[in-house]
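Numbered from 1 within each chain, the chains take letters A, B, ... in sequence-line order. These figures come from a predicted structure and were not determined experimentally.
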Amino acid sequence: MTSRLVRWTGVFVAVVGLLAVSVVDRGVETEDQRIQRLHDSYACPVCDGQSVADSNASVAEAIRTFIEVEVVAGASDDQIRDDILAAWPGSLLNPPGEGFAALVWVLPVVVAVVGAVGVAFVVGRRVEATTVSSADRDLVEAARRGTER
Amino acid sequence: MYSVIGLAAAVVGLSGSVLGVLGGAYALTTSRLHLLRTVRTWAWIVSATGVVMCVVMLRALAVRDFTVDYVQQVGSPNTPTLYNIAALWSSLEGSLLLWILVLGGFTAAMLVKFRDRHDDALFGWALVVMLGVSAFFYALVAGPANPFTAVDIPVGFEPRGPNPLLQNHVLVAFHPPMLYLGYVGFTVPFAFATAALITGRLGEGWLIETRRWTVVAYGFLTGGILLGAWWSYEVLGWGGYWAWDPVENASLLPWLTGTAYLHSVMVQERRGMLRVWNLALVCSTFCLTVLGTFITRSGVIDSVHAFSDGPIGAWFLGLFGVVTFGSIGLIAWRGDQLRSPGSIDSPLSREASFLANNLLFGAMAFVVLLGTVFPLLAELWDGSRLTIGSPYFDSMAKPLGLLMLFLMAAAPILPWRKASGEVLSDRLFWPAVLGVVAMVVALVYGGRGWAPVLAFGLGGFAGGSALRQVVLATRRHGWRGFVGRTNGGMIVHIGVVLVAVGLVAADAYKVDRTVSLEVGETATVNGHTFTYLGGDGDQNSRRIRIWADIQIDGEDVYQPATTLYREQGVVVPTPSVRPGFSEDLFLVTDAVQEPGQPVRLRVVIRPMVTWIWTGGMLMFAGTVLAVFPGRRRRGTEPVSVVSSELAEQATPA
């Protein structure tokens with residue numbers, strides 16, 4: 001038991017250490033990375049759900065250029081967001097977390113929690129074993145033989 | 001002539017389907033099972049008319065008979081033969097013909113496979129359901145979506161050919177048929193599930209009969225989805241492969257529930273449990289194929305490649321309602337007979353892990369469905385226009401994906417019923433070490449950020465677990481260690497790991513730059529040089545293509561192009577990709593008017609994209625291996641009881 005504990009402690013420490021390195025060594029987001037992130041965050045208003053990063057439409061290019069100019073000028077993410085929504089309404093690619101739209105964030109969590117409780121219930125439930133007749137065993141065995149032939 | 005033959009075939013197919021349904025239902029409800037032979041004959045006719053309709057339409061496309069409505073829509077004398085064949089499924093009405101052809105193929109395969117069971121009520125009802133679905137599609141092509149309508153050729157008519165995006169890459173010939181084979185293939189398990197509910201034969205017989213059919217459908221759907229992603233990457237010129245577009249989501253939904261079913265069905269086969277759940281999953285999978293078709297064919301949700309806003313949306317909504325409420329009603333009707341005879345002994349067991357798997361896949365399916373239809377719901381609610389795109393789906397999918405990878409590592413090594421901590425520890429240790437090694441390698445090669453690095457680690461963990469199972473199986477059974485559901489499933493797992501790791505890397509470490517270049521100028525992006533050497537163009541009766549010669553790192557020259565399709569007047573960017581084991585360099589240019597002009601070049605560098613396609617091929621190969629019979633095994637105790645016995649027990653004395 002002790003050797004198992006030591007081995008798994010080693011694995012755990014290694015995983016935590018490597019994750020720490022991956023976060024600490026990441027550094028500050030560069031200007032290019034920030035522009036890329038913002039490009040990925042806004043919808044091309046005429047492209048049926050494509051991001052401005054992915055769209056080749058001229059309006060998408062205009063928004064991309066606008067973001068680049070704003071980032072270079074030192075605008076914050078919130079300022080850029082407000083400016084883009086003022087100029088191109090409906091270009092948010094991520095639904096807002098308020099009003100009716102908040103449901104799209106809340107419902108999956110509710111479903112996951114209810115599902116997890118359901119699974120826990122099923123796993124924890126105890127049902128008395130059912131007696132199985134030899135005829136039933138023969139039936140299933142015959143069916144298996146038939147399909148594995 | 002082609003209009004007449006095609007429509008006649010559609011009418012015969014519709015009549016045969018309806019007569020088959022009515023005759024079958026009559027024979028089965030009155031126990032005149034000898035009449036089922038007639039139903040089989042109708043089923044053969046219905047399958048044959050599907051072939052006739054497709055052959056007629058292909059011939060009409062080949063000879064460019066523009067008096068046929070569909071040929072007038074998508075035909076052109078300038079379309080090359082391959083894309084002329086692919087034009088069969090390039091628009092709504094033709095894609096319904098493909099659907100009917102595939103459905104007829106599966107029906108014919110059922111008739112051959114169960115040729116000795118012509119008086120079996122289970123098979124009889126399954127055949128009736130197949131014919132009922134056929135009747136729906138035949139009614140569409142004989143009615144509101146008739147591709148064979150005879151039309152006059154308008155004065156000054158200029159053929160347009162198929163959508164330009166559907167005539168510039170060979171994958172368009174394979175992606176839709178493979179996807180349809182998967183979509184339609186799930187009709188077979190649905191038909192048997194419905195038959196089991198109607199007949200009350202709710203033991204494991206119908207599951208065992210249909211498990212290979214389900215695996216086949218799953219394999220084709222997997223292949224179809226991945227080919228679609230590959231096509232998107234190679235053709236659409238946006239630098240990605242999956243946009244969470246409603247049409248893509250529509251194909252993913254049945255894949256998710258189908259994957260959940262493939263796992264949970266093993267619990268029922270082994271332990272006789274989860275009967276209601278498995279029936280619900282089979283029915284949901286079929287319902288989601290119908291819902292997906294409604295989403296993509298009705299025009300209710302905007303999509304970059306939804307190709308119809310025709311009148312048939314209401315038809316699919318009707319079918320969706322019938323199938324959904326019919327399934328719920330049948331399951332409720334048989335509720336007493338669907339009680340499980342056993343219980344899960346321990347959370348550390350194979351069956352408990354499959355339940356957790358189902359929870360994750362179910363949650364993922366819910367997220368995809370909700371995100372896809374929510375803009376429609378919001379508009380109905382308060383008239384607001386919402387866009388739900390990649391950031392939403394990514395933020396929801398990532399945690400679920402990480403949990404799935406963890407489960408993929410743990411589940412295969414868990415025994416049925418109960419595992420001790422010692423067993424778990426011993427079996428999981430080396431896969432865990434592989435996971436740590438994967439994290440180290442990721443960090444050494446510049447991977448940063450806890451989520452991607454954790455995903456690499458879990459990928460190594462899951463891959464190690466699957467490899468362990470494959471090694472053990474091949475040691476014990478030689479080459480047979482690769483075949484059978486369990487062993488093939490492990491190959492699929494390894495493929496999933498490659499896909500997952502590829503997706504994470506390609507998304508997390510993407511570099512996307514647009515540069516303007518004069519001839520002879522060089523730009524540097526992420527350590528690579530891109531030199532614009534000039535360009536050239538060519539043209540034929542169909543298109544004008546102008547490309548830029550871009551030399552990468554002073555070595556090979558790649559030619560991203562823009563193509564003007566004359567008939568449609570549409571300019572399509574055609575990317576050029578330098579694939580590689582560690583990264584892909586994806587080049588696409590803006591519309592260039594003349595060769596040699598300054599060019600705006602978009603460079604997208606995505607690491608490990610090749611891993612996605614390799615993993616996809618491995619998933620498909622693993623699915624093929626899973627179809628072959630594996631090692632024989634004794635039935636596991638306890639076998640499930642037949643439902644009638646359960647019903648007797650459930651009935652108060």
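At a 4.5 Å heavy-atom cutoff, the contact between B:Phe366 and chain A is made by side-chain atoms alone. Looking at A:Ile35, neither its backbone nor its side chain comes within 4.5 Å of chain B, counting heavy atoms on both sides. Proximity to chain B is absent for every atom of A:Ala20, based on heavy atoms less than 4.5 angstrom apart. With a threshold of 4.5 angstrom between heavy atoms, B:Leu386 approaches chain A through side-chain atoms but not through N, CA, C or O. When heavy atoms are compared at a cutoff of 4.5 Å, B:Pro573 approaches chain A solely by way of its side chain, counted from C-beta outward. Neither the backbone nor the side chain of B:Val588 comes within contact range of chain A, judged by heavy atoms closer than 4.5 Å. Looking at B:Ala378, both its backbone and its side chain come within 4.5 Å of chain A, counting heavy atoms on both sides. Heavy-atom distances place both the backbone and the side chain of A:Ala101 under 4.5 Å from chain B. Heavy-atom distances place the side chain of B:Trp381, and not its backbone, under 4.5 Å from chain A. For chain A, the nearby part of B:Leu443 is the side chain; its heavy atoms alone come within less than 4.5 Å. At a 4.5 Å heavy-atom cutoff, B:Leu360 makes no contact with chain A through either its backbone or its side chain. For chain A, the nearby part of B:Ser395 is the side chain; its heavy atoms alone come within less than 4.5 Å.
Closest approach of B:Met396 and A:Pro108 over heavy atoms only: CE-CG, 3.9 Å. When all heavy atoms are compared, the tightest approach of A:Ala112 to B:Leu359 is O-CD1, 4.2 Å. Closest heavy-atom contact between B:Ser425 and A:Arg4: OG-CD, 3.1 Å. Considering every non-hydrogen atom in both A:Val23 and B:Trp450, the closest pair reads CG2-CB, 3.5 Å. Smallest separation of non-hydrogen atoms from B:Pro391 and A:Asp40: CG-O, 3.6 Å. Here the shortest heavy-atom pairing between B:Met439 and A:Val15 reads CE-O, 3.8 Å.
When B:Val453, B:Asp382, B:Val604 are compared by the number of non-hydrogen pairs under 4.5 Å with chain A, B:Val453 comes out ahead. Of the residues considered (A:Val21, A:Val119, A:Val104, A:Val24), A:Val104 shows the highest number of contacts with chain B, using heavy-atom pairs under 4.5 Å. Between chain B and the options A:Gln36, A:Glu61, A:Arg7, heavy-atom pairs under 4.5 Å are most frequent for A:Arg7. Put simply, of B:Val511, B:Leu274, B:Leu428, B:Asn358, the one with the most heavy-atom pairs under 4.5 Å next to chain A is B:Leu428.
Atom CZ in B:Phe456 sits 10.5 Å away from atom OG in A:Ser22 (nearest 0.5 Å). Distance CG/A:Asp54 to CG/B:Asp512: 7.5 Å, rounded to 0.5 Å. Remark: A:His39 NE2 to B:Thr514 OG1 distance equals 8.5 Å, nearest 0.5 Å. With rounding to the nearest 0.5 Å, the separation of CZ in B:Phe374 from CH2 in A:Trp105 is 11.0 Å. Note that CZ of B:Phe429 and OG of A:Ser3 are 9.5 Å apart. Values are rounded to the nearest 0.5 Å.
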